[in-house]
Amino acid sequence: MTGCTVAIDGPAAAGKGTISKAVARHFGFAHLDTGLLYRAVGAKVLGGASPEAAARALNPDDLENDALRTPAVAQAASEVAAIPAVRQALLEFQRAFAGRDGGAVLDGRDIGTVICPEADAKLFVTASAVVRAKRRFAELSEKGISVTYEQVLADVEARDARDMGRADAPLRPADDAVEIDTSQMSIEDAIAAAVAVIEAKRGGV
Ligand code: CDP
Ligand code: CDP
């Protein structure tokens, strides 16, 4: 299978990243977790930077950092993500990544709607807020990040509301996205469903 752009969007902790990594491995595509861009800007803002300056100065080396996983940084990310100048500053990097030879998978909130409206395959991955919060809580606890389940659920619900309600690039499925609800699915089944959708789209080109 030759190069292809795959857009994977959905709410917090739906399984986008896990599915994206597996899909990228399966097809030999590069993967960009675009949430990390907003998390890196959010972390800099918590450290006193201005959102727009932080977005303009963002360096890909800033993305490999476990400190970006905390609910406090996630909230800050969601706040800066509502600022149009921040989204604009991050747009070009994402589009350049998406256009690389050999294929790319990008996951986030607006990949299918704004960043890559011409993507070859678009997936919208969802699950109930309770299921997502339980999964994220287990993941953070395993990494030794100290949080309560209640904090994680509150973070997920607050971000969902902000991400869906903002004026610029709100979280919503693209008209041509295929929805995968992973509430009752194992991660293996969710990956298999995503691979099948992409193969079908590619086969139909
Ligand atoms: O990228 P996103 O925030 O959408 O989610 P993720 O980080 O890929 O997934 C959150 C957690 O849920 C991870 O620990 C996944 O392994 C887990 N997960 C799961 O257990 N079953 C699924 N069907 C999807 C995700
Ligand atoms: O991993 P999780 O799904 O919990 O969040 P994330 O993908 O790391 O995204 C963190 C925050 O960045 C989201 O709550 C959004 O506000 C924002 N974001 C966005 O606005 N657009 C994207 N393409 C990706 C993330």
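What you see below is based on every heavy atom in this structure, not just the backbone, and it leaves out hydrogens, waters and symmetry mates. Remember, it's 1-based here, ligands and their atoms both numbered in the order they're listed.
Here is the list of ligand 1 atoms found below 4.0 Å of a heavy atom in Met185: 23 (N). Taking every non-hydrogen atom of Thr182 and a distance limit under 4.0 Å, the qualifying atoms of ligand 1 come out as 23 (N).
Salt bridge Glu139/Arg136: present, at least one basic N to carboxylate O contact under 4.0 Å.
Scanning for side chain to side chain contact (heavy atoms under 4.5 Å, CB included) contacts around Val197 gives Leu123, Val178, Lys201, with sequence neighbours left out.
Contacts between Ser186 and ligand 1, counted as non-hydrogen atom pairs separated by less than 4.0 Å, involve the backbone only.
The protein residues lying under 4.0 angstrom from ligand 2, judged by non-hydrogen atoms, are Ala12, Ala13, Lys16, Thr34, Gly35, Tyr38, Arg39, Ala77, Ser78, Ala81, Arg87, Gly108, Arg109, Asp110, Arg136, Arg159, Asp163, Arg166.
Hydrophobic cluster membership differs between Leu32 and Val105, with clusters built from Ile, Leu, Val, Met, Phe, Trp and Tyr side chains linked at under 4.5 angstrom.
Among Asp160, Thr182, Thr126, the one residue that satisfies the side chain to side chain donor-acceptor pair (under 3.5 Å) test with Arg132 is Asp160.
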Which pairs would a plain distance check flag for residues 143-150, meaning a side-chain donor or acceptor within less than 3.5 Å of a matching protein atom at least two apart in sequence or in another chain?
from	atom 1	to	atom 2	distance (Å)
Thr148	OG1	Gln151	N	3.0

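For residues 105-118, the side chain to side chain donor-acceptor pair (under 3.5 Å) pairs, not counting sequence neighbours, are His31-Asp107, Arg87-Asp110, Arg109-Asp163.
Geometrically, Arg100 engages Phe97 in a cation-pi contact defined by less than 6.0 Å to the ring centre and at most 45° from the axis.
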